Amino acid sequence: TQLLEQSPQFLSIQEGENLTVYCNSSSVFSSLQWYRQEPGEGPVLLVTVVTGGEVKKLKRLTFQFGDARKDSSLHITAAQPGDTGLYLCAGKKNNDMRFGAGTRLTVKP
Amino acid sequence: NAGVTQTPKFQVLKTGQSMTLQCAQDMNHEYMSWYRQDPGMGLRLIHYSVGAGITDQGEVPNGYNVSRSTTEDFPLRLLSAAPSQTSVYFCAIRWRTGGSYEQYFGPGTRLTVT
């Protein structure tokens, strides 16, 4: 059983559509990170959220940390084929970091 | 993935063989860690180190040893490889930035144990 559950597991959409992916847990984390990973490469950090209720924007990507610091969401506006990849969330407790299994996003032109 | 190098990129082992996966950084950060990534499982922490001479276990440490004699290097040793250790292994460095932190992954080592 994953400590962090990500949904959906797979998502295939057309270019220009909006989407939201979720990262949920029953545990409280001191902070949460989102990564994007492309085939054959390591994950690349997109954002770190540390405060309950925090919202961060990175161009067309909006990240939200839940008020109770147990969950997070990633919203992409007007998705582009370059957004295709595996999106991972990771929660931190002291020196321990737990990852979700990821959402594999495909954006078709 | 400048800053963290991993060697080899690919490796095939037979059951029972030993090997060391190398990880080196040139960014002088104290915290280094090893993860394995398996389909449907996300990344799982194997071992981590908060500085030279200090190591600790993560979520899945069994079958792996680490040491940290220098800030730059954090090798991961498999003493007797098993098919269950077939995976992609990532080394990472982490550092604090203000009230937050950054984590940076190497390019990975794809290991197959037959």
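Computed from a predicted model, the values in this text were never measured in an experiment. Order of the sequence lines fixes the chain letters, A, B, ..., with proteins taken first and strands second; residue numbering starts at 1 for each chain.
Of the atoms belonging to B/Y101, heavy atoms from both backbone and side chain fall under 4.5 Å from chain A. Residue B/Q6: no heavy atom, backbone or side chain, is found under 4.5 Å from chain A. Neither the backbone nor the side chain of A/Q6 comes within contact range of chain B; no heavy atom of the residue lies under 4.5 Å from a heavy atom of that chain.
A pairwise comparison of heavy atoms in B/L13 and B/S18 identifies CD2-O, 4.4 Å as the closest pair. Between B/S33 and B/L45 the shortest heavy-atom distance is CB-CD1, 3.7 Å. Considering all non-hydrogen atoms of both residues, A/V50 and A/T48 come closest at CG1-CG2, 4.0 Å. Between B/D38 and B/S87, the shortest heavy-atom contact is OD1-OG, 2.8 Å. Shown here for B/C23 and B/V4, the closest heavy-atom pair between the two residues is SG-CG1, 3.9 Å.
Atom CZ of B/R44 is surrounded by more than 12 heavy atoms from other residues, nucleotides or ligands within 6.0 Å. Annotation: A/Q9, atom CD; neighbour count of heavy atoms from other residues, nucleotides and ligands within 6.0 Å does not exceed 12. When the shell of 6.0 Å around NZ of A/K93 is examined, it contains more than 12 heavy atoms from other residues, nucleotides or ligands.
The interface of residues 16-33 of chain A with chain B, defined by heavy-atom distances below 4.5 Å, comprises A/S31, A/Q33. Residues from residues 89-97 of chain B that place a non-hydrogen atom less than 4.5 Å from a non-hydrogen atom of chain A comprise B/F90, B/R94, given in numerical order. Using non-hydrogen atoms only and a strict 4.5 Å limit, the part of residues 50-83 of chain B facing chain A consists of B/V50, B/E59. Using a 4.5 Å cut-off between non-hydrogen atoms, the part of residues 59-91 of chain A that approaches chain B consists of A/L86, A/L88.
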Verdict with supporting geometry, B/M19 and B/L111, side chain to side chain contact (heavy atoms under 4.5 Å, CB included): CA-CA 10 Å; B/M19 80 158 294; B/L111 176 68; 4.0 Å; yes
Criterion side chain to side chain contact (heavy atoms under 4.5 Å, CB included) on B/T15 and B/V113, from CA distance to verdict: CA-CA 6 Å; B/T15 297; B/V113 183; 4.0 Å; yes
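Counting only N and O atoms by type, the side chains of A/Y35 and B/Q103 include a donor and acceptor under 3.5 Å apart.
Note: the hydrophobic cluster containing B/M27 also contains B/W34 (ILVMFWY, side chain heavy atoms under 4.5 Å, direct or indirect links). B/Y35 and B/V88 fall within a single hydrophobic cluster, where Ile, Leu, Val, Met, Phe, Trp and Tyr are joined by side-chain heavy atoms under 4.5 Å apart, directly or via other members. If you chain together hydrophobic residues whose side chains sit under 4.5 Å apart, A/L11 and A/V107 fall into the same group.
Side-chain contact between A/L58 and A/K56 is absent, with no heavy atoms from C-beta onward closer than 4.5 Å.
Considering CG of A/L45 and OH of B/Y104, their distance stands at 11.5 Å, rounded to 0.5 Å. The structure places CD of B/Q11 at 13.5 Å from NZ of B/K9, a figure rounded to the nearest 0.5 Å.
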